[in-house]
Amino acid sequence: MKLKRIIPIIAAATLLSLSMASCDALKRFFNTDLQDEDYIVGQLYADEFVQEKPLRPSGNNRRNPNNNTPGHSTGIELNDKDNPKLYSAIDSWYGTPYLYGGCTTSGIDCSCFVGKIFKSVYGITLNRTANDIQKNMDKFIGRNSLREGDVLFFTNSNGKVSHVAIYLKDDMFVHSSTSNGVSISSLDNSYWKKHFYKGGRHNGVTTKY
């Protein structure tokens, strides 16, 4: 009888010891390995590495009837509806490499890039992460209703909103891509078509489209 009583006590003490050890291990992890923790959490939301060639518009877009010139570094030919301030802002970041958590010309991630463009072009401050930028939108629209300045939201294989971009025209959008940095891509690309979630529109964005 005594042995039967002692065994559960020993088992309980062992479990308590293991539980405390686990808690201590977790505390050490969060206190000393914050960079690792940020990386792990970040991977749940970071856009996946999409291997694609930079899109170079073919020149089928209408030219500006006033000056007949293409749209800066993007290679997109502008017309009288396009916002020149938007393309000028894109030009200042075009080719900047992708860097998760980056927010400078040395490296920038997708959400910071969208935020920088919105602030400089429209005077609008957006939330910092791709997922939280949804909260800044006043309206959500489908692909067929997109217009210049709309924010595009994409999901990754985990189903999380992991990537954001800015719609331009003719199914083209600008973003900070993991493979090409700040560049132009098309919604006709197989990956982006599959992972496109929705478009978001902010009431502060004005456009002629």
Side-chain angles (χ1 to χ4, degrees), residues 45-63 70-79 81-87 89-91 93-98 108-118 121-122 124 126 129-203 205-209:
Y45 293 93
D47 63 307
E48 297 166 358
F49 188 88
V50 183
Q51 186 63 53
E52 60 174 333
K53 294 181 180 179
L55 178 67
R56 301 305 300 177
S58 62
N60 292 326
N61 300 301
R62 291 175 295 163
R63 289 183 176 275
H72 303 282
S73 299
T74 66
I76 297 175
E77 296 167 352
L78 304 184
N79 60 51
K81 290 185 178 181
D82 297 315
N83 184 344
K85 188 175 181 181
L86 171 61
Y87 283 85
I90 293 169
D91 196 47
W93 289 95
Y94 200 81
T96 299
Y98 177 89
I108 193 167
D109 63 22
C110 63
S111 55
C112 182
F113 171 69
V114 170
K116 291 282 189 180
I117 296 297
F118 260 65
V121 177
Y122 308 113
I124 297 169
L126 299 179
T129 67
N131 190 57
D132 285 346
I133 288 176
Q134 294 180 91
K135 300 173 185 177
N136 300 126
M137 300 296 106
D138 296 298
K139 180 181 179 181
F140 294 102
I141 59 269
R143 177 175 173 177
N144 293 333
S145 300
L146 294 170
R147 70 186 191 192
E148 182 187 83
D150 286 340
V151 177
L152 306 184
F153 295 93
F154 298 90
T155 57
N156 60 17
S157 58
N158 295 315
K160 304 290 186 181
V161 171
S162 59
H163 192 65
V164 285
I166 299 173
Y167 186 77
L168 299 175
K169 62 178 179 179
D170 301 331
D171 282 331
M172 293 182 289
F173 60 92
V174 64
H175 61 147
S176 182
S177 136
T178 49
S179 56
N180 298 317
V182 177
S183 55
I184 304 296
S185 292
S186 172
L187 279 171
D188 283 331
N189 172 279
S190 59
Y191 178 87
W192 299 120
K193 181 187 293 186
K194 178 181 178 181
H195 291 272
F196 174 71
Y197 176 45
K198 60 186 175 182
R201 184 167 297 162
H202 193 289
N203 289 337
V205 174
T206 58
T207 178
K208 294 180 182 179
Y209 281 96

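The structure presented is a predicted model; accordingly, all values stated were derived computationally and were not measured. Worth knowing before you read on, the calculation uses all heavy atoms, side chains too, and leaves out hydrogens, waters and symmetry mates. Count residues from 1 along the sequence.
The CZ atom of Arg201 sits 7.0 Å away from the OG atom of Ser145 when rounded to the nearest 0.5 Å. Between the CZ atom of Arg147 and the OG1 atom of Thr207 there is a distance of 6.0 Å, given to the nearest 0.5 Å. For the atom pair OG of Ser183 and CZ of Phe173, the computed distance is 8.5 Å after rounding to the nearest 0.5 Å. In this structure, CD in Glu148 is found 11.0 Å from NZ in Lys81, a value given to the nearest 0.5 Å. The structure places CZ of Phe154 at 13.5 Å from OH of Tyr197, a figure rounded to the nearest 0.5 Å. Atom-to-atom distance recorded for Asn131:CG and Thr129:OG1 is 5.5 Å, nearest 0.5 angstrom.
Taking both residues in full, the closest heavy atoms of Val151 and Phe118 are given as CG2-CZ, 3.5 Å, listed atom of the first, atom of the second, then distance. Taking every heavy atom of both residues into account, Ser157 and His195 meet most closely at N-CE1, 4.2 Å. Heavy-atom minimum distance, Trp93 versus Ile108: CZ3-CD1, 3.6 Å. Between Ser162 and Thr155, the shortest heavy-atom distance links the atoms OG-C, 3.6 Å. Across every non-hydrogen atom of Gly149 and Tyr122, the tightest pair is CA-OH, 3.7 Å. Heavy atoms only, all atoms of each residue included: Lys169 and Ile76 are closest at CE-CG2, 3.5 Å.
Side-chain contact, Ser73 with Asp91: a donor N or O sits under 3.5 Å from an acceptor N or O. Inspection of the Tyr209 and Asp82 side chains reveals an N or O donor paired with an N or O acceptor under 3.5 Å.
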Quiz prompt | Criterion side chain to side chain contact (heavy atoms under 4.5 Å, CB included) on Asp150 and Ile141, from CA distance to verdict | solution = CA-CA 9 Å; Asp150 286 340; Ile141 59 269; 3.8 Å; yes
Practice problem: Any chance you could lay out the side chain to side chain contact (heavy atoms under 4.5 Å, CB included) test for Leu86 and Ile117, step after step, and finish with the verdict? | Solution: CA-CA 7 Å; Leu86 171 61; Ile117 296 297; 3.6 Å; yes
Exercise. Please test Ile90 against Val121 for side chain to side chain contact (heavy atoms under 4.5 Å, CB included), starting from the C-alpha separation and ending with a verdict.
Key: CA-CA 10 Å; Ile90 293 169; Val121 177; over 6 Å; no
Practice problem: Dump the intermediate steps for side chain to side chain contact (heavy atoms under 4.5 Å, CB included) on Ser111 and Ile133, then the final yes or no. | Solution: CA-CA 8 Å; Ser111 55; Ile133 288 176; 4.1 Å; yes
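A donor-acceptor pair under 3.5 Å links the side-chain atoms of Asp138 to the main chain of Asn203, judged by distance alone. Formation of a donor-acceptor pair under 3.5 Å by the Asp170 side chain with backbone atoms of Met172 is not found in this model. Formation of a donor-acceptor pair under 3.5 Å by the Ser176 side chain with backbone atoms of Phe113 is not found in this model.
Applying the salt bridge (Lys or Arg N to Asp or Glu O under 4.0 Å) criterion to Lys194, with sequence neighbours excluded, gives no partner residue. Annotation: side-chain hydrogen bond (donor to acceptor under 3.5 Å, both in side chains) contacts of Lys208 (sequence neighbours excluded): none. Scored by the side-chain hydrogen bond (donor to acceptor under 3.5 Å, both in side chains) test, Lys198 finds Gln134 as partners (sequence neighbours excluded).
Side-chain atoms of Met137 and Leu126, non-hydrogen and from C-beta on, do get closer than 4.5 Å to each other. Using a 4.5 Å heavy-atom threshold, the side chains of Leu187 and Leu152 count as touching.
Counting non-hydrogen atoms of other residues, nucleotides and ligands closer than 6.0 Å to CZ of Phe140 gives a total above 12.
Relative ring orientation between Trp192 and His175 is described as perpendicular, the plane-to-plane angle rising above 60° on a 0-90° scale split at 30° and 60°.
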